[in-house]
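Worksheet: the structure to be examined is printed underneath.
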Amino acid sequence: MNYWLLKSEPDVFSITDLKKRPGQTEPWDGIRNYQARNFIRDDMRSGDLAFFYHSNCDVPGIAGILKVAGAARPDPTAFDQNHIHFDPKSKPDSPAWYLVEVKFVKQFKRIISLNELRQHKALSNMRLLQKGNRLSVMPVTASEWQYILKLE
DNA sequence: GCCAACGTTGGC
DNA sequence: GCCAACGTTGGC
């Protein structure tokens, strides 16, 4: 079992949006970064858990938990000329970009803010908190995961 | 809206 | 292969 952190801008897609989706599942599409792609394609397994992180908003932070609900598959939005995430580099016979289906697990009663996470020395090595970090898909260690769960 | 950090692109 | 220019991310 691996743990992850997935970022999304809540104005675009929030944990509340995921909760309201039919079946509470959604394809996590639009990832266009190779490091993030490699995590999704090569390391994510169905059943893995991830923090749902709200970025680029009033209070950035962890909003809840989701579950990886299937194996990685090519991101179809990359093939669609009319889609905002269209990328001519990606072809159906040699896809550049991948996605996984995600399923809602829980919404935290409050946002565990980025600012709060920074207060905890136990989390100082967390990838999210490193300077210049911009990855939208990143691993979380088991100890970081357990520690953050207790903060809710 | 600003801007630091970082990834990508493309000329050479 | 180098690197300047450019675009994007995302906190503030």
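By convention in this document, chain letters (A, B, ...) are assigned in the order of the sequence lines, proteins followed by strands, and residues within each chain are numbered from 1.
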Verdict with supporting geometry, R73(A) and E101(A), salt bridge (charged side-chain N to carboxylate O under 4.0 Å, His left out): CA-CA 9 Å; R73(A) 60 182 169 87; E101(A) 210 78 26; 2.9 Å; yes

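- A sub-4.0 Å separation between OP1 or OP2 of dT9(B) and a side-chain N or O of K89(A) is present.
- Separating the OH atom of Y34(A) from the P atom of dT8(C) is a distance of 15 Å, rounded to the nearest angstrom.
- In this structure, CE of M138(A) is placed 12 Å from P of dG7(B), rounded to the nearest angstrom.
- Sequence order on DNA chain B of the closest nucleotides to N56(A) and G132(A) puts N56(A) first from the 5' end.
- A salt bridge between R37(A) and D42(A) is absent, with no side-chain N of the basic residue lying under 4.0 Å from a carboxylate O of the acidic one.
- Side-chain nitrogen and oxygen atoms of K131(A) include none within less than 4.0 Å of the OP1 or OP2 phosphate oxygen of dA4(B).
- Between dG11(C) and Y53(A), a contact under 4.0 Å exists linking OP1 or OP2 to a side-chain N or O.
- Ring-centre distance between F51(A) and W4(A): not below the 6.0 Å cut-off.
- The distance between atom CG of D11(A) and atom P of dT9(C), rounded to the nearest whole Å, is 14 Å.
- Atom pair R134(A):CZ and dG10(C):C1' shows a separation of 9 Å (rounding to whole Å applied).
- As a whole-Å value, the separation of R127(A) CZ from dA5(B) P is 18 Å.
- N33(A) places its CG atom 18 Å from the P atom of dA5(B), with the value rounded to the nearest Å.
- When the P atom of dC6(B) is taken as reference, atom CG of L128(A) falls 14 Å away, rounded to whole Å.
- By the 30° and 60° cut-offs, the orientation of the rings of W28(A) relative to F52(A) is perpendicular.
- The separation between L129(A) atom CG and dC12(C) atom P is 11 Å, rounded to whole Å.
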